[in-house]
K.L.:
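Below is a structure I'd like to ask you about.
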Amino acid sequence: MALDEIKIGGLGASRRRVEDNRFIRGKGNYIDDIVLPGMLHMEILRSPLAHARIRSIDASAAWAIPGVRMVLTGEMLAARNLAWMPTLSYDTQAVLATDKVRFQGQEVACVVADDPYIAKDGCEAIVVDYEPLPPIVNPTQAKAPDAPLIRDDKTGQDSNVVFDWEVGDREGTDRAFAEADVVSTIEMHYPRSHPSPIEACGSIADFNRATSKLTVYMTTQAPHIIRAAVALVAELPEHMIRIVSPDLGGGFGNKVPVYPGYVVSILASILLERPVKWIEDKSGNLISTGFGRDIYLKGEMALRNDGRILGVRMHTDSDHGAFFSDAQPSKFKVGLMHSAFSCYDIGAAHLTAQGVYTNKAPGGVAYRCSFRVTEAMFFQERMVQAAASDLGMDQAEFRRINLVRDDDFPHRTPWGFLTDSGQYGKCLDLGLEAIGYEDFLRQKEEARRRGRLLGIGISTMTEPLGAGNSREYDILGIKMFDSAELKVHMTGKALLRTGAKTQGQGHETTWAQIVAHELGIPAEDVLVEEGDTDTAPFGMGTYASRSTPVAGAAVAMVSRKIRAKARRIAAHLLEVSEEDIEWELGRFSVRGAPDRGVTIQECAIAAYSNMPDGMEPGLENNAYYDPPNLTWPFACYIATVEVDPETGVWDVLRVVAVDDCGVRINPMIVEGQIMGGLTEAYAMANMQFITFDEDGNCIGSNYMDYLLPTAWETPGFELHEVVTPCPHHPIGAKGIGECATVGGPAAFVNAVIDAIGDAGVRNIDMPLLPDRVHEAITAGHDVSGAPPVKTEP
Amino acid sequence: MYPSRFRYEAPATVAEAIALLADANGEAKILAGGQSLIPMMKLRFAAPAMLIDINGIAGLDYHHPDADGTYRIGALCRHADLEKSAALAASQPTMAAAAPVVADPLVRTRGTLVGSLCHADPQGDWASVMVSLGGSIVAQGPNGRRSIAVNDLIDGPFQTVLAADEIAVEAVVPAAIGTRAGGYLKLERRVGDFATVGVAVSAEMSGATVSRAGIGLTGVGPATINAAEAAGSLVGTSLDGDALDTAAQLAAEAAQPRSDHRGSADYKRHVVATFVRRIGEQIQRSGQEAA
């Protein structure tokens, strides 16, 4: 009798998350829960100014405070060649400022003390003499001919431009535009946002002089990359470095980079020979660590009157802050911006991109998106709405005409990506049916006659998730594959470790389900561990929706290796040849004699007690998986809104989401990911941004200014699914973690623009704050550009 | 949370609290709900030498109407107590409208109305409500008690006229002439956000006619704004469209908003006018329904 896969917690089981047992009981083990004997505490002094020369730092008063053990400054670090560190994008970043401060919140000094209160007192006692310099807070200022040079530390850097980049077919695209009946253009800004995990960053460095071993507990999404980086930066032998990423209170991309706090805590531990704990506060996290977005777009579409897209031209200006520290593959300067329009058959395409330095926090991490894909898909869907509107076409119909058809796969995009599967039309139709599209359009017209403004916004997109393959994807040159190691114990229970690192995604639950699916070992019998570089196999960590596509695939592959060995053991136990063995979930039997069989658990004990002659004992293996392609989930998000014409306040009426992420391992967790993503999408569309005043002061340095939506205002979401298995993934799964964050914002913005469309407005930049919507309605013009922060009375 | 070092005292009586205040010589802060003070101490924006926790003082958590309709709110009465109060809902429409939109449910559980008035944040909701109602506080010091109109209490942003050795023990809303009507509307970007604009309109009605009115504005000036001229223009009217337009216009002119990341100054003025009109219409409608 075959096992019931759902009952053993296999593929498709909405199994409760095993990690929640400890989280909801307050028994998680987060960085600040870890206490080591003799541990000291470190606090960072940050720059109050966005751009200033440091004349002097006087730390004598801090040293004099009882309980202060050490004050570290840039000068001290420079003496050890540690004042600067490499970023994930081949730039350099100041660990502690030496010459200048280049953004508000930059790390200037660190105080190590007996307790955190004293460390903070110590920071307050340090006197820094700054000579203010003019700050630069946007690309226009950065590129002005007389702009002050931010990176005067870099030889050969004579402007504030970080890079110029180009991809696509310039001539072919020019030809498409020459043939166009209509050219649709739009300009917009995707504002700076922040991943803002509930737990900020932190580390505990513990250097043991006697063993020469450095152990660092650290909030990181990619512990193995950190180990390599620490080895290179601190010039320590890699085998004597152990990085442990404990339970993480969210990451969302924020915990991929290396931050100065980590580095200084390590140095302090080496110098003091005691464990040193650094726990970042929330403001420190918001003002200094990896942000997301902050890109300007000029988009153009060449259109034919019948609705076909002939070509697309995009130019982006990205604001990278003081140091270019995006986390993205080294080949792609603005990440995967050129994955825009992958779901449409668009003819020719050309992208130019320029990045600049500004006096703002560095980062440009992909906040819950694969390497700038969020911006690409947002721009795409806003351009699509403008194009349909310019052609006088229905939003849904315009998409239907241009979406890649089911029989066109595999489809090569003009920018070179290969999309391999999907049922785009089916997803769109399902979404339209669920929202009651035609009915809503009638309601909208009727409401308009009574002075009420209703609107509907559609966003359809496919996105590239799950880097690698290793041919094209790397971090600092390290190829993007991933790994899994499975140890089946004598009693049939198992320990699984991967090179990924869960931050709330539920790996401890879903990886066990893949093992259950492949081996028939109940999911509850599989313990999943991640995050300790001394025990986990080498992997690239968790971000870019890559865990299921890459590490998840490795889990399936290592399970299959185990099954292959178990099959040989089964043949031995059943005294038949391997060819005569049949597999059903959890059990091998003899072909033609199904009653004669052994379970996977019986094979496990035999692997340690009764293996065939010549076979290595044990039932353990590992797998390194390099995917042949990215995975391409598809999503259709539709939102309806009502706008109050008097105040510009808008309310969401309904949100329908249709997601096709291939085979769903744990549907409940998938739905949780989608709901979380839609919540973030709503936040970015409605309320959330980090802006800067003209002096470079960060507006958004705390949760009174940087708004996370609560249950109170977050709308309800209606979820639907279509399943098109990924053709190359071992179990047919595609990435899902980021889809709704990526595709969601445009649905809300398109809905508001649709509601006020009669005013002749094409664009309002996010967040669509009431005053911006009100201005668009009353003045009848676009409201674009970074939201201004004026200081006039 | 790692604030600066401070001395903590938890007196059992108001008299002891006053003695401690005198002792601290202006360097003490009263801790009631702590929903503004504690975050400021966490950020070290506030570093009081002494914290006088009054939560152990018995008999300050009341709120009730007197026989003549005067409404009294003790210094330890929480926002949530007011939000859930049937007595308040029955007699104080402006306050009842404001109570559920003060901050968020967590803050409302701890925070106090009197503490909010003393904090004198221009974005505090209660000060506008109290200004519209002609409310006052009772301050107690070494020489006894005195009454201070909320309109006079607030001296500027985060500043009051309370002496260093005085403690606000009670807020008082005077009895109405006729029927009390009113409302509070607040534009916020998210629950718990400070008001982009908040408008309190209170009216005392003799039949359909306004006999006394007050308008307080939140978040549109360096301190709570008493739009007295706008309120005065409503007296004697029946809140008809023209009267509301006039009051809305005058209230918008009384506002002194700044352009910031919550919205432009012009927009905020526009919302002040819109809210004055909307509350007025609501009072007028409910008056008609009652009649």
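Labels below follow one simple rule: chain letters A, B, ... track the order of the sequence lines, proteins then strands, and each chain is numbered from 1.
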K.L.:
Are side-chain heavy atoms of A:Ile690 and B:His261 found at a separation under 4.5 Å?
P.N.:
no

K.L.:
Which residues pass the side chain to side chain donor-acceptor pair (under 3.5 Å) test with B:Thr112, not counting sequence neighbours?
P.N.:
none

K.L.:
A:Asn702 versus chain B, heavy atoms under 4.5 Å apart: side chain, backbone, both or neither?
P.N.:
neither

K.L.:
Nearest 0.5 angstrom please: B:Lys42 NZ to A:Asp281 CG, how far?
P.N.:
7.5 Å

K.L.:
Working to the nearest 0.5 angstrom, can you tell me the gap between A:Glu775 CD and B:Tyr267 OH?
P.N.:
11.5 Å

K.L.:
Given heavy-atom pairs under 4.5 angstrom as the criterion, report whether the side chain, backbone, both or neither of A:Glu43 touches chain B.
P.N.:
neither

K.L.:
Crowded around B:Glu229 CD? As in, over 12 foreign heavy atoms under 6.0 Å?
P.N.:
no

K.L.:
Test side-chain contact (heavy atoms from CB on, under 4.5 Å) on B:Arg5 and A:Tyr117; report intermediate values, then the result.
P.N.:
CA-CA 8 Å; B:Arg5 188 171 287 273; A:Tyr117 297 91; over 6 Å; no

K.L.:
Rounded at 0.5 Å granularity, tell me how far CZ in B:Arg189 sits from CG in A:Asp771.
P.N.:
10.0 Å

K.L.:
Identify which part of B:Pro39 has an atom lying under 4.5 Å from any heavy atom of chain A, answering side chain, backbone, both or neither.
P.N.:
neither

K.L.:
Under a 4.5 Å heavy-atom cut-off, does chain B meet the side chain of A:Glu646, its backbone, both or neither?
P.N.:
both

K.L.:
Please look at B:Arg262 and chain A and tell me whether the side chain, the backbone, both or neither of the residue comes under 4.5 angstrom of a heavy atom of that chain.
P.N.:
both

K.L.:
Could you go step by step and tell me if A:Thr710 and B:Asp104 meet the side-chain contact (heavy atoms from CB on, under 4.5 Å) rule?
P.N.:
CA-CA 10 Å; A:Thr710 71; B:Asp104 60 39; over 6 Å; no

K.L.:
Find the distance between CD (B:Glu188) and CG (A:Leu707) and round it off to the nearest 0.5 Å.
P.N.:
10.0 Å

K.L.:
Take B:Thr274 and A:His774, measure what side-chain contact (heavy atoms from CB on, under 4.5 Å) needs, and give me the verdict at the end.
P.N.:
CA-CA 12 Å; B:Thr274 304; A:His774 181 257; over 6 Å; no

K.L.:
Select one option (side chain, backbone, both, neither) describing which atoms of B:Tyr2 are under 4.5 Å from chain A's heavy atoms.
P.N.:
both

K.L.:
Got a donor-acceptor contact below 3.5 angstrom from the B:Arg190 side chain to the A:Leu708 backbone?
P.N.:
yes

K.L.:
Between B:Arg44 and A:Asp121, is the salt bridge (Lys or Arg N to Asp or Glu O under 4.0 Å) condition met? List the steps.
P.N.:
CA-CA 10 Å; B:Arg44 297 196 174 193; A:Asp121 292 345; 2.7 Å; yes

K.L.:
Does B:Lys29 have more than 12 heavy atoms from other residues, nucleotides or ligands lying within 6.0 Å of its NZ?
P.N.:
no

K.L.:
Which atoms of A:Thr778 are under 4.5 Å from chain B, going by heavy atoms: the side chain, the backbone, both sets, or neither?
P.N.:
neither

K.L.:
Pair A:Glu124, B:Ser4 - check side-chain contact (heavy atoms from CB on, under 4.5 Å), show working.
P.N.:
CA-CA 10 Å; A:Glu124 286 188 340; B:Ser4 303; 4.3 Å; yes

K.L.:
Between B:Val191, B:Leu187, B:Thr196, which shows the greatest number of heavy-atom pairs under 4.5 Å with chain A?
P.N.:
B:Val191

K.L.:
Heavy-atom pairs under 4.5 Å with chain A - which of B:Val197, B:Leu43, B:Asp193 has more of them than the others?
P.N.:
B:Asp193

